[in-house]
Asks: 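Quick one: the structure is below, and I'll ask about it shortly.
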Amino acid sequence: MSQPVFASVSESVFIVWSALRQQGFDAALQRASALAVDGVPAVGHAELCASAGDFESAWHLAALSAPERNPGARFARLALFADALGDTNAATRYSEQAVLAQAGEASIEWIVWLINRCAAHSAAAHVLRAYGRRFPDDARAPWWLAQTLAATALDPASSAERHAALARAWSLDPAVHPDLPLQFAIACREMRAWDVMERVARDALARHPADAEMAWQLSHAQWQRNDAAAAEATMRAVDRAAPGNANVAAAIGLYLAEQARYADSEAALHAALALDPGAVMPAVDLAELELRRGAWRDAWPRYEARLARGDRTAENIVNVMARRGPRWRNEPLAGKTLRVYSEQGSGDDIQMVRFLPALAARVRDEGGRVTLACRRALKPLFSRYFADCVSIEDDTPGRCHFTLPMMSVPFVTGLQPEQIRGAPYLCVDAGKAASWRERVSANAGGASTKLQVGLVWRGSASHRRDAKRSIPLAALAPLLELPADVFNPLTPGSGAELASAFAVAGADTRMTDLTTQYIEGFDDLAAHVAALDALVTIDSAPLHLGGALGRPVLAMLDHVSHWCWGVAESQSWYDTVELFRQPRPGDWSPVVERVSARLQQIALASARQRT
């Protein structure tokens with residue numbers, strides 16, 4: 001932020017404001033009185049009283065004070081103290097009066113003092129809003145407002161205001177600050193405003209073609225619009241402008257993989273690791289490519305690089321478990337306890353928990369013990385498969401000697417592709433199974449002869465590839481029009497969305513939303529899935545759950561998808577899972593058509609069995 005020459009703001013205001021913010025009004029009043037006794041001009045004393053509604057004292061103190069040459073200064077102090085007292089309306093009103101009563105540069109000086117001396121970001125935001133209304137063509141106001149908002153806890157409304165402020169600043173003067181283009185590009189990314197993001201990034205790259213970070217933002221927008229080839233070209237351009245950047249080489253490898261050019265992608269990722277052997281993401285991406293093509297002897301050791309990521313918070317489960325015990329590196333376990341824990345998504349846990357009994361038997365033969373710490377939502381389900389199980393949320397330190405992430409179990413066991421078996425391994429609680437069969441039957445009504453189908457069309461928005469794997473409900477219209485099926489949404493809170501999709505498709509609403517009855521997380525979901533005739537899902541946790549239970553699953557995959565599904569439409573992980581892959585990125589129509597046809601076959605076979 002720029003630094004205008006500081007003029008005549010009294011340090012006593014800062015002292016009184018600090019006491020008000022940290023200790024409350026009475027302490028601030030005492031501090032102001034003490035300053036006056038010490039001979040320090042009590043600038044702000046009157047405003048402090050006025051901000052708290054003590055206007056008689058404020059009038060008396062103001063009468064004792066020397067007149068001020070800047071008539072807006074008193075309003076500015078009133079706004080500052082009102083903000084510290086949490087009176088937003090008063091802070092807004094006094095900020096407006098301060099800006100109207102003084103020259104523009106005086107307001108700028110006050111704003112800079114609020115930000116740089118006080119870090120009073122909330123108070124500064126009030127003044128900046130008022131200043132922006134009076135001087136709408138000054139790009140500094142929206143730029144600084146975006147910075148003050150970023151320094152506070154952003155709720156959705158504040159985040160939207162910050163995005164709007166960045167857009168306003170960029171429209172007025174993209175060069176108002178060197179950081180503006182990148183911040184605005186990232187804000188566009190958060191809003192998924194790909195057109196604007198691309199325009200901002202191209203403008204910045206026209207001036208600075210070697211800006212790798214801005215090129216990364218542009219390439220991300222292109223990838224999100226299903227143009228991985230353009231994203232690759234963007235990163236190759238910045239590589240030509242400034243060669244030798246491992247991150248750029250890794251990005252090229254990523255976008256080659258998104259085009260299903262897996263051999264070329266591996267070559268690019270090897271080049272990235274040659275430039276920076278300790279780089280984490282290219283090592284992880286390369287490992288996943290090796291896993292995809294079955295080169296597991298190289299892949300599993302390399303995949304351990306994921307644990308070296310430096311962007312995890314202290315509350316991330318990998319760091320939490322590291323504090324509870326060192327990661328196991330094949331040390332002797334006689335008399336010791338090894339805690340395996342949930343590390344990535346619930347689907348990964350469901351997929352990999354099958355290998356835990358073999359590891360536990362090996363450790364038990366050595367005289368040790370393996371326990372499992374999984375998410376609370378998975379514990380009832382997993383406990384029937386692996387009894388020595390606790391929930392991570394209820395776990396306490398000091399119960400293990402070593403820890404191991406779930407996704408490292410294949411590494412320590414030396415898992416190879418030929419060892420994968422697709423038979424079901426999880427089971428549903430018998431009581432829940434009966435209850436959920438009754439629920440599904442009771443809600444079928446007159447549709448008791450129709451196929452009961454579970455439906456999952458979107459996953460967690462935090463997933464790296466969620467925009468690729470999730471399907472817009474409008475694209476499912478051919479599926480929803482099938483007359484012989486009743487759809488059961490399996491994502492809690494998604495029922496209204498599905499009902500709306502039926503209306504848009506012009507189809508009779510044939511759906512039953514029972515997700516409000518999920519009391520024990522995946523245990524209820526498993527019983528629900530077991531009571532259905534089939535499951536249609538994207539690549540998310542219910543896919544793995546249905547496969548692990550041995551239920552018929554029709555899996556709708558994006559063009560590239562997760563490594564475990566390989567490159568075609570065959571897989572060994574689950575005997576009852578059928579894959580339907582996009583022929584091109586973003587093209588769901590052929591997938592939905594084929595899944596609809598397959599459901600019709602299942603419905604016909606079911607009708608024949610009934611007769």
Side-chain angles (χ1 to χ4, degrees), residues 280-313 316-322 324-330 338-360 362-363 370-375 377-379 381-382 385-386 389-392 395 400 402-417 419-421 425-426 459-460 462-466 469 522 539-541 543-545 547-548 561-566 571-574:
V280 172
M281 288 315 298
V284 173
D285 288 345
L286 179 57
E288 291 188 346
L289 288 174
E290 292 168 332
L291 288 169
R292 186 187 295 272
R293 66 178 171 86
W296 289 9
R297 294 190 192 280
D298 294 327
W300 290 124
R302 197 189 308 278
Y303 197 53
E304 292 297 285
R306 74 193 187 281
L307 300 172
R309 279 175 44 194
D311 60 345
R312 290 189 173 93
T313 65
N316 182 276
I317 190 59
V318 173
N319 290 329
V320 169
M321 296 305 291
R324 295 186 181 179
R327 181 151 46 103
W328 183 51
R329 302 178 188 273
N330 278 311
L338 170 64
R339 177 84 90 207
V340 176
Y341 64 89
S342 294
E343 173 204 352
Q344 298 184 11
S346 295
D348 299 293
D349 282 351
I350 294 169
Q351 180 185 13
M352 295 300 169
V353 74
R354 72 180 81 189
F355 305 117
L356 215 51
L359 175 62
R362 169 182 144 188
V363 172
V370 170
T371 62
L372 171 62
C374 65
R375 295 172 179 84
L378 285 166
K379 182 181 178 295
L381 178 66
F382 279 3
Y385 182 68
F386 192 84
C389 179
V390 298
S391 69
I392 287 178
D395 195 16
C400 63
F402 297 99
T403 62
L404 186 71
M406 181 76 82
M407 291 302 295
S408 290
V409 171
F411 167 57
V412 300
T413 58
L415 184 68
Q416 294 304 307
Q419 296 172 296
I420 301 298
R421 299 290 182 270
Y425 49 93
L426 297 182
S460 169
S462 63
H463 190 279
R464 174 182 173 183
R465 301 190 75 260
D466 190 61
R469 66 173 181 166
F522 278 91
D539 186 4
S540 64
L543 189 168
H544 293 278
L545 178 62
S561 78
H562 190 268
W563 62 261
C564 72
W565 309 124
Q571 53 84 31
S572 303
W573 293 93
Y574 306 104

Asks: Look up atom CG in L543 and atom CH2 in W573, then write down how far apart they are to the nearest 0.5 Å.
Replies: 12.5 Å
Asks: To check you understand the geometry: which heavy-atom pair defines the closest contact between Y303 and V284, and what is its length?
Replies: CE1-CG1, 3.9 Å
Asks: Within the structure provided, determine whether P405 and V318 are in side-chain contact (heavy-atom separation under 4.5 Å).
Replies: no
Asks: Should L545 and L381 count as side-chain neighbours, where that means a heavy-atom distance under 4.5 Å?
Replies: yes
Asks: If you round to the nearest 0.5 Å, how far is CE of M406 from CD1 of I350?
Replies: 9.5 Å
Asks: How long is the span from the CZ atom in R354 to the CZ atom in R421, to the nearest 0.5 Å?
Replies: 11.0 Å
Asks: Yes or no on side chain to side chain contact (heavy atoms under 4.5 Å, CB included) for I420 and F355, after CA distance, side-chain angles and deciding distance?
Replies: CA-CA 10 Å; I420 301 298; F355 305 117; 3.7 Å; yes
Asks: Indicate yes or no: at least one non-hydrogen side-chain atom of R293 is less than 4.5 angstrom from one of L289.
Replies: no
Asks: Quick check for you: to the nearest 0.5 Å, what is the distance between L415 atom CG and W300 atom CH2?
Replies: 6.0 Å
Asks: Could you state the interatomic distance from OG1 (T371) to CG (L356), rounded to the nearest 0.5 Å?
Replies: 9.0 Å
Asks: Any chance you could measure M321, atom CE, to Y341, atom OH, to the nearest 0.5 Å?
Replies: 6.5 Å
Asks: Locate the shortest heavy-atom distance separating V340 from L359; write the atom from each residue and the value.
Replies: CG2-CD2, 4.2 Å
Asks: Evaluate the side-chain proximity of S572 to P417: yes if any heavy-atom separation is below 4.5 Å, no if none is.
Replies: no
Asks: Heavy atoms only: give me the nearest M352-P410 pair and the separation to one decimal.
Replies: SD-CG, 3.7 Å
Asks: Can you tell if the side chain of V409 reaches within under 4.5 Å of the side chain of L404, non-hydrogen atoms only?
Replies: yes
Asks: Can you list the steps and then say if E304 with R302 is a salt bridge (charged side-chain N to carboxylate O under 4.0 Å, His left out)?
Replies: CA-CA 5 Å; E304 292 297 285; R302 197 189 308 278; over 6 Å; no
Asks: Which pair of heavy atoms, one from R329 and one from R327, lies closest together, and at what distance?
Replies: NH2-NH2, 3.1 Å
Asks: Search all heavy atoms of Y385 against all heavy atoms of V353 and return the closest pair with its distance.
Replies: CE2-O, 3.3 Å
Asks: Just wondering, do E343 and N316 contact through their side chains at under 4.5 Å, heavy atoms?
Replies: no
Asks: Looking at F386 and L372, what are the two nearest heavy atoms and their distance?
Replies: CD2-CB, 3.9 Å
Asks: Does R306 pair with D348 as a salt bridge, N-O distance under 4.0 Å?
Replies: no
Asks: Any donor and acceptor pair, going by atom type alone, linking the side chain of N330 with main-chain N or O of V412 inside 3.5 Å?
Replies: no
Asks: Quick check against the 3.5 Å criterion: does Q571 have a side-chain atom that pairs as donor or acceptor with the backbone of Y574?
Replies: yes
Asks: Side chains of T403 and R339 only: does a donor on one sit below 3.5 Å from an acceptor on the other?
Replies: no
